[in-house]
Amino acid sequence: MRVVSVVGARPQFIKLAAIHRVLVARGHEHMIIHTGQHYDPMMSKVFFDEFDLPLPNLNLNVGSLTREAQIDAVSKGLKLPFTDIESDWILVYGDTNSTLGAALAAKRANLSLAHLEAGVRSFNQKMPEELNRLLTDQMSDLLLVPTEIALANLENEGLAANSYLVGDVMTDLCLWSKQRVLTQKPSMPEDWETLNPYIVATVHREANTEDSTKLKEIISYLSRSPIPVRLLVHPRLRDCAKKFEIDLNTGSIKTFEPMSYLQLIYAMLHSKGLVTDSGGLQKEAFLLGVSCVTLRAETEWTETVKLGWNVLDPNCRLDLEEHFSKVLDPTDVCPFGVGNAAKLAVEVMEVKS
Ligand code: UD1
């Protein structure tokens, strides 16, 4: 089988790592196209190095653009490469502008399209990611589904026939990485060890960063936390804070550059809890047994909320010290699979190719 993966943003490199290992182990040919949506070394190259991924066969270097221009640049940039490509599957991942741009290019070139992490919904169409998901799922010939809830969403949208529940490939990598950091500590930034205990925080969603009032509210909230906060600064947060003249290193907050995946897993495992608006981190916190507060009104990963490990706090109301001192009930439930999702996904691609 010949699979062409199109990736461009941080969470996609992590998913790619899980899929690449299985494709190679099963003797398949794997071509990697990087759109260039994320380009800072700590947002891109570090993941290729950490997971021994080969350099991409092609990089479109689309860079930072508006949403429309980014989607357009990816789909136009793939037009030529896709005209003479031979592939069993064009594989796209998750919900980014790169995902939708690549899906459009694949269908325009009449190539078979598979979507990994299909069926995930926040039911908030104001999020760019939600539209990317809905449209990509509609166009895909094969839907590789992470959870029962995502499968039910696709059934409700009339897409059951091409949908296969395989589990979440992020689980594969998260569990592997947990074992790895428990035996081999990654090198952490200077100052890391001296600041105990701590909360890990990340903020990057458009709704939380592009609105100056909202961003000020979030930074003020974190700065008042009785537990020190280690804020891992995504480039969008860095740029917006600069634009709105908001000092991120204030009160309880200490900022750090974005981390490698192994550093992040280590940081979370040793934290009192996580405050985030990221999708992937909510799940990783659950898998690592770390309590999570999500600064959004809704979540795609409702299982984490139902099982008591994640609380939605869109208006920054929770008392973080009280919240993170609660002892949560351990659970054996595995809504995101048991760590074999990439293998199951590749098996489905083999059968359907
Ligand atoms: C994207 C995805 C989101 C995913 C996130 C992970 C979309 C719509 N959203 O959001 O689903 O959770 O990636 O990080 O695709 N920038 C840099 N250097 C970089 C990358 C970005 O400086 O390496 C800056 C640029 O100013 C850019 C901004 O960050 O304009 C936002 O980046 P963008 O690619 O639009 O999306 P993310 O917010 O990262």
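One-based numbering, in listed order, for ligands and for the atoms of each. Here the structure is a predicted model, which is why all the values come from computation and not from measurement.
- Between the choices Arg10, His234, His38, the shortest heavy-atom distance to atom 13 (O) of ligand 1 belongs to His38.
- Close approach of ligand 1 to Met43 is summarised as follows: ligand atoms under 4.0 Å from at least one heavy atom of the residue are 23 (O).
- Counting protein heavy atoms only, atom 8 (C) of ligand 1 is closest to Asn97 OD1, 3.2 Å.
- The nearest heavy-atom contact from the protein to atom 34 (O) of ligand 1 is Gln37 NE2, 2.9 Å.
- At a heavy-atom distance under 4.0 Å, only side-chain atoms of Arg205, from C-beta outward, approach ligand 1.
- Under the ring-ring contact (aromatic ring centres under 6.0 Å, His included) criterion, His20 pairs with His30, not counting sequence neighbours.
- Remark: minimum distance from atom 3 (C) of ligand 1 to any protein heavy atom is reached at Glu129 OE2, 3.3 Å.
- Ligand-side atoms of ligand 1 in range of Arg238: 22 (O), range being under 4.0 angstrom from any heavy atom.
- In this structure, Arg21 is positioned above the aromatic face of Trp176, its NZ or CZ under 6.0 Å from the six-membered ring centre and within 45° of the axis.
- At least one heavy atom of Gln70 sits under 4.0 Å from some atom of ligand 1.
- Among protein heavy atoms, atom 6 (C) of ligand 1 sits closest to Pro11 CD, 3.5 Å.
- Atom numbering of ligand 1 starts at 1 in the shown order; those under 4.0 Å from a heavy atom of Asp40 are 17 (C), 18 (N), 19 (C), 22 (O), 23 (O).
- For atom 17 (C) of ligand 1, the closest non-hydrogen atom of the protein is Pro235 CB, 3.0 Å.
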Take Phe48 and Phe13 through the ring-ring contact (aromatic ring centres under 6.0 Å, His included) test and state the conclusion after the steps.
CA-CA 7 Å; Phe48 284 80; Phe13 309 136; 5.3 Å; yes

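- By the 4.5 Å heavy-atom criterion applied to side chains, Arg121 and Glu157 are counted as neighbours.
- The cationic atom of Lys326 (NZ for Lys, CZ for Arg) does not lie both less than 6.0 Å from the six-membered ring centre of Phe324 and within 45° of the ring axis.
- Comment: Glu217 engages Lys214 in a salt bridge, judged by a side-chain N to carboxylate O separation of less than 4.0 angstrom.
- Scanning all protein heavy atoms for the shortest distance to atom 5 (C) of ligand 1 gives His204 NE2, 3.5 Å.
- Atoms of ligand 1 found under 4.0 Å from any heavy atom of Asp239 (numbered from 1 in listed order, with element): 24 (C), 25 (C), 26 (O).
- When hydrogens are left out, the protein atom nearest atom 28 (C) of ligand 1 is Arg236 CB, 3.8 Å; that is the closest non-hydrogen contact.
- For the residue pair Asp95 and Asn132, no side-chain donor N or O sits within less than 3.5 Å of a side-chain acceptor on the partner.
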Take Glu347 and Arg26 through the salt bridge (charged side-chain N to carboxylate O under 4.0 Å, His left out) test and state the conclusion after the steps.
CA-CA 10 Å; Glu347 281 173 3; Arg26 294 170 81 91; 3.6 Å; yes

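- Any N or O atom pair closer than 3.5 Å counts here, and Asp95 shares at least one such pair with ligand 1.
- Not counting sequence neighbours, the partners of His234 by the ring-ring contact (aromatic ring centres under 6.0 Å, His included) test are His38, His204.
- The closest non-hydrogen atom to atom 30 (O) of ligand 1, taken over Gly101, Ser64, Ser98, Gly94, comes from Ser64.
- Between Glu117 and Arg133, none of the side-chain N atoms (NZ, or NE/NH1/NH2) sits under 4.0 Å from a carboxylate O, so this pair counts as no salt bridge.
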